[in-house]
Amino acid sequence: MGSGATQYVETVDSVMLYIVGISVVLLIGITAVMIYFVVKYNRKKGHKPENIHGNWLLETIWIAIPTVLVMTMFYYSYIGYKDLRNFPEDGLEVNVTARMWGWTFEYENGKQTDSLYVPVNQPVMLFLESVDVNHSFYVPAFRIKEDVIAGRVNKLHFTSDMVGDYDIACAEYCGLKHSMMYSKVKVMEVADFDKWYAETDATTDETNIETNPVDSTAAEIKPTGEM
Amino acid sequence: MQDGHSNEEHSHVTSYGTLVIIWLALLGLTSITVTVAGISLGMYTLFVAMFIAAVKSALVINIFMHIKFEDPIFKVFLLVSALTLLVIFVLTFVDFSFR
Amino acid sequence: MANGTIAEHAKSFYEEGTSKKTGLLGWFFSTDHKRIGIMYLAALSTFFIIGVILALFMRLELIAPGETLMDAQTYNTIFTLHGVIMIFLFIVPGIPAIFGNFFLPLMLGAKDVSFPRLNLLSFWIYIVGAILVVISLFVPGGPIDTGWTFYIPYSVRTGTNVSLAIFAAFVLGFSSILTGLNFITTVHRLKAPGMGFFKMPLFVWSTYATAWIQVLATPVIGITILLVIMERAFGIGIFDPSLGGDPILYQHLFWIYSHPAVYIMILPAMGIVSEIIPTFARRTIFGYNAIALSSLAIAFVGYLVWAHHMFTSGMSDTARIVFSFLTFIVALPSGVKVFNWVATMYKGSIDPQPPFLWVMAFIVLFSIGGLTGLVLGSLATDIHLHDTYFVVAHFHYVMFGGTGTIFFAGLYYWFPKMFGKLYHTKLANIGVALFFVAFNLLYFPKFIMGYQGMPRRYYDYLPEFADLQLVSTIGSWLMAIALIIVFGNLIRSLRTGRKATSNPWGGVTLEWHTTSPPPLENFETDIVVTHDPYDFSQLEDMKNE
Amino acid sequence: MSNNHEIVVPTETHGHVHRDDVGARMGMWLFLFTELLLFGGMFLIYGVYRFQYSEEFHFAAMELNTGIGTLNTIVLLTSSLTVALSISALQKKNKFLSVVFLSLTIVFALAFMVNKFFEWSAKFSHGIYPGSEDLINKSNGEVVFFGLYYVMTGIHGLHIVIGVILLSFILVFLIRDKITPDNFVKLENAGLYWHLVDLIWIFLFPLFYLIQ
Ligand code: HEA
Ligand code: HEA
Ligand code: CUA
Ligand SMILES: [Cu+2]
């Protein structure tokens, strides 16, 4: 899993670091204090207990400080998240169709593939649709994920910084071969991509498309709701 | 049962008259709501219908169901339940009305 | 509150039942809250063992990539059953059904719950639900394979026995509701003279708060389940997208119950923690009011955050932001509890007996679980971590490391009271220690895997996760040993343990004012409450009694 | 301590737990709250879909018969009155009137069901029922509307059936003097349940029958 495959990866990882950092400090603090008390005030030492009923100042402090902490956490995570939902106007648009258990990517020129081919450093806009049950489009290396829900079109975008192949996984349980719904994002140099894109042969990389054994006669799904 | 405040403590009896009056009020409200539905008020139709339904249920809960004469804690309970329902509605619509 | 001398000729509730029937029937028809509690203990432990054995098979399958033990369909049904059993048959009824039943009336100084017969009915409804789950495994169609969340449309499309299995969940919900309303009424109506709300033990407070969630949240899953069944049976099209329904609305309804349900799981455990710490620190609890009120706060704010399970589902952005914000708020009352517990240890006189050690393990494990909950509540990170092993790790830390640990803590704390026997202390200490190590070995790798992008509910996985999966599986074996020690110690003591006195730990809440095990009517004399619940000055008087 | 309305329950030295009518009613109310939330869940679904498909809902509701709906509302409100009267009568130690009013309640409940039966069969004969050809061919919003219509009125109907059974038992108890002017909490609780059924209908009625 390459780090820094997209700008967004750094954003997510820094939010992660921030929250986990604070958490580790709190956890170690709590554990240490607890162990210290248990050792210090051990009954074996014949310590006489003192009945301290409480302290409103302390209560206030340990509500106020965590409140501030979680608010900063929320703020950073929200800022980071905003990037993800800032959809590009002029990106490469790809329609992603999920089915049990595979993916189809359809480009603006009608080309259809099983892996997602994209040019490096160029925004890509995905429109996610499902023909049967729920799936989820997940690229761990890009830290992005969005469910693919039957009957509606969900959106997702990314801009990759690095040429390479990255795994696509299905992250919403979808039956028998949920764990085998892997595919690839193939990030290419712009020139390579353009060349590939212009090739007339529409389906260059057919691998085996599974048919749906659970319910092959599933009724056509009528879309509901707007976006 | 020894203390003053025991089982038959809610000896409150709602008179037949009160009950019948409430019933008449409920029937009256029903005819209003049916009539109003006939007139086209656009957006307000739902609002009016729900308002009338709320008034009707207040009557039923207070008088028929006696909550007016129960221990105040019953009212608190009712409020808590209604509030919970309200919260669920509001938060669900935070999703659906911003889609 | 005399026991001493009277204790000798008082019959315990084992010897005297509520009906004329004897033997097993005397149990099956008993309306005695203590017998019902023990029956729940037996039933729930059975399902817990079934649940963990399923988990053991799951871990064996995951020991290496590819097929090792079973095919994908089997794996899918096993993790579903593991989830369904652990959630609906073990952890949701869990502590209230066992310890709530046994100790709530005792701690209130009451003879029984408000509706003893309803209580027995809830137990049998629970058993019916459990039997339905079992039947669903064997009828044609095969065991349910949807995951414990039953997401539509998969749950409408699959050919397995979804309807029966989720109907079982409906029935179990009914049992939960009846228990809840029984407890609320009991708390309001049957407190002993002198006991006001703010003199109730904290376990009662947390059970009370839990009971409200049971009453007000469970019906929502009830109706949701009924709708899914009707959807499957008649094709009515309420959630099914092919008929115009909205699968995301299903998810809303599911989590409207299931998020508050996680607080059904943890709140009673927090109550037990608040009992154990003062007893073994032999000093009053720090911040009684704060702990009591934070239970109500958790119960209420628990309703505000359900959609944090749906951040990637395609909800509106506004909803995602609002729910993320509220999720952070919900962590605050839990923090208040943790801080007050630790503060209660300050200047106490601490005797780290096994129940106390379980509590220490709890504080660490639950904090890890809760704090990683914050990572999941944050939008930017949850998008990446949702439905990965990070979530699996989070919820095992809070459920097993939190509630599960306290289930054991409670057992070890109240075992002498419930059964009148003492267990082996050294062995108990070893059990806790081994549990703690095994636990972290088993689940900590899952955080890392999740962060690296290992999705959950995966039968097979990429080779890069093989090492961590292996560690986790080895952890599960160690966990098996720990659990055998933990349960074995108690089972052995049932027969060979030394007799327990009425108050082996020096606790002061009302259950320690009666014999071990208590008599049918709980107390020999009428109870009048004169002290605060954690006022250890009574201890001297109790000894002299 | 904050127990201003604390009621100290006297404990009896032997035998069963003391009778606690307030507690019994409290239990019943709590049960009613669960019903409230159960139907609340359905109203929530209704709300969301009505918001998404408001046109189709208006259109679909045309198929429903406002006349029958109104009639049933009146029947149900009246049954609510009679059960309340029955309690008042018993409190006034008039067992005969109490029995009469309670019987009337059951009669009205049955009338409601008969009405409902005709209403549903009319729909069925028009080919509108879950999974039917005609329905599948309608728009999504209409499918959902009728799905909800059948589920919500159906579950409400189920409550009526349960109510009839419950009230019948109570009637027998009343006749056999198991319920008396100083021990009638069972009758009160049955009444509470019945009023809830009425309450639900008060909302169902405008939401389904009055939105053309
Ligand atoms: C016992 C059960 C339990 C409990 C108590 C919790 C508690 C919490 N949970 Fe968890 N959760 C589950 C059981 C539970 N959870 C389950 C079963 C799932 C998965 C369901 C599924 O999909 O199958 C899940 C999933 C889950 C998700 C969804 C993840 C996803 O699918 O993408 C999220 C997201 O927000 C979340 C958050 C939280 C938070 C914020 C808390 C908080 O309440 C935690 C509060 C506690 C603390 C914070 C620690 C103690 C406090 C301190 C040490 C003081 C310092 C504190 C601060 C700085 C605030 N949980
Ligand atoms: C209370 C709740 C609870 C508990 C205690 C556990 C306990 C365990 N769980 Fe559980 N788990 C869930 C609730 C729980 N789980 C839920 C809700 C899910 C989600 C399901 C879903 O996705 O739908 C889940 C999912 C889940 C997964 C993810 C599956 C997947 O996504 O593919 C895994 C994977 O390892 C796992 C493992 C384990 C293990 C190893 C234990 C271990 O702790 C078990 C430890 C014990 C043993 C390994 C050995 C057994 C013991 C004995 C044989 C001794 C008995 C003997 C005597 C008494 C004498 N669980
Ligand atoms: Cu597709 Cu999981
Ligand atoms: Cu949650």
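Chain A is the first sequence line, chain B the second, and so forth, proteins listed ahead of strands; every chain is numbered from 1. Not measured: the values here are computed from a predicted model.
Looking at C:Q251, only its side chain comes within 4.5 Å of chain A, counting heavy atoms on both sides. Of the atoms belonging to C:M310, not a single heavy atom falls under 4.5 Å from chain A. Looking at A:N55, the atoms closer than 4.5 Å to chain C (heavy atoms on both sides) sit in the backbone and in the side chain alike. Residue contact with chain A, scored on non-hydrogen atoms closer than 4.5 Å, is absent for C:A331. Neither the backbone nor the side chain of A:L128 comes within contact range of chain C; no heavy atom of the residue lies under 4.5 Å from a heavy atom of that chain. Of the two parts of A:E59, only the side chain, counted from C-beta on, holds a non-hydrogen atom closer than 4.5 Å to a non-hydrogen atom of chain C. Contact of C:R456 with chain A is made through the backbone alone, with heavy-atom distances under 4.5 Å. Neither the backbone nor the side chain of A:Y36 has a heavy atom closer than 4.5 Å to any heavy atom of chain C. Proximity to chain A is limited to the side chain of C:I329, based on heavy atoms less than 4.5 angstrom apart.
Side chain to side chain, A:D147 and C:T312 meet the donor-acceptor criterion of an N or O pair below 3.5 Å. No hydrogens or angles considered: nothing links the side chains of A:Y81 and C:D382 as a donor-acceptor pair under 3.5 Å.
At distances below 3.5 Å, at least one donor-acceptor pair connects side-chain atoms of C:R283 with backbone N or O atoms of A:I52. Proximity of a side-chain donor or acceptor of A:N51 to a complementary backbone N or O of C:D535 within less than 3.5 Å is not detected. Judged by distance alone, the side chain of A:R152 and the main-chain N or O of C:G314 form a donor-acceptor pair under 3.5 Å. The main-chain N or O of C:D145 is found under 3.5 Å from a side-chain atom of A:Y173 such that the two form a donor-acceptor pair.
Using non-hydrogen atoms only and a strict 4.5 Å limit, the part of residues 65-76 of chain A facing chain C consists of A:P66, A:T67, A:V70, A:M71, A:M73, A:F74.
The most heavy-atom pairs under 4.5 Å with chain C, out of A:S136, A:G175, A:P49, A:C174, come from A:P49.
Taking the six-membered ring where tryptophan is involved, the planes of C:Y346 and A:F37 are tilted, since the angle between them lies from 30° to 60°.
Listed by chain and residue number, nothing satisfies the side chain to side chain donor-acceptor pair (under 3.5 Å) test with C:T344 (two or more places apart in sequence, or in another chain).
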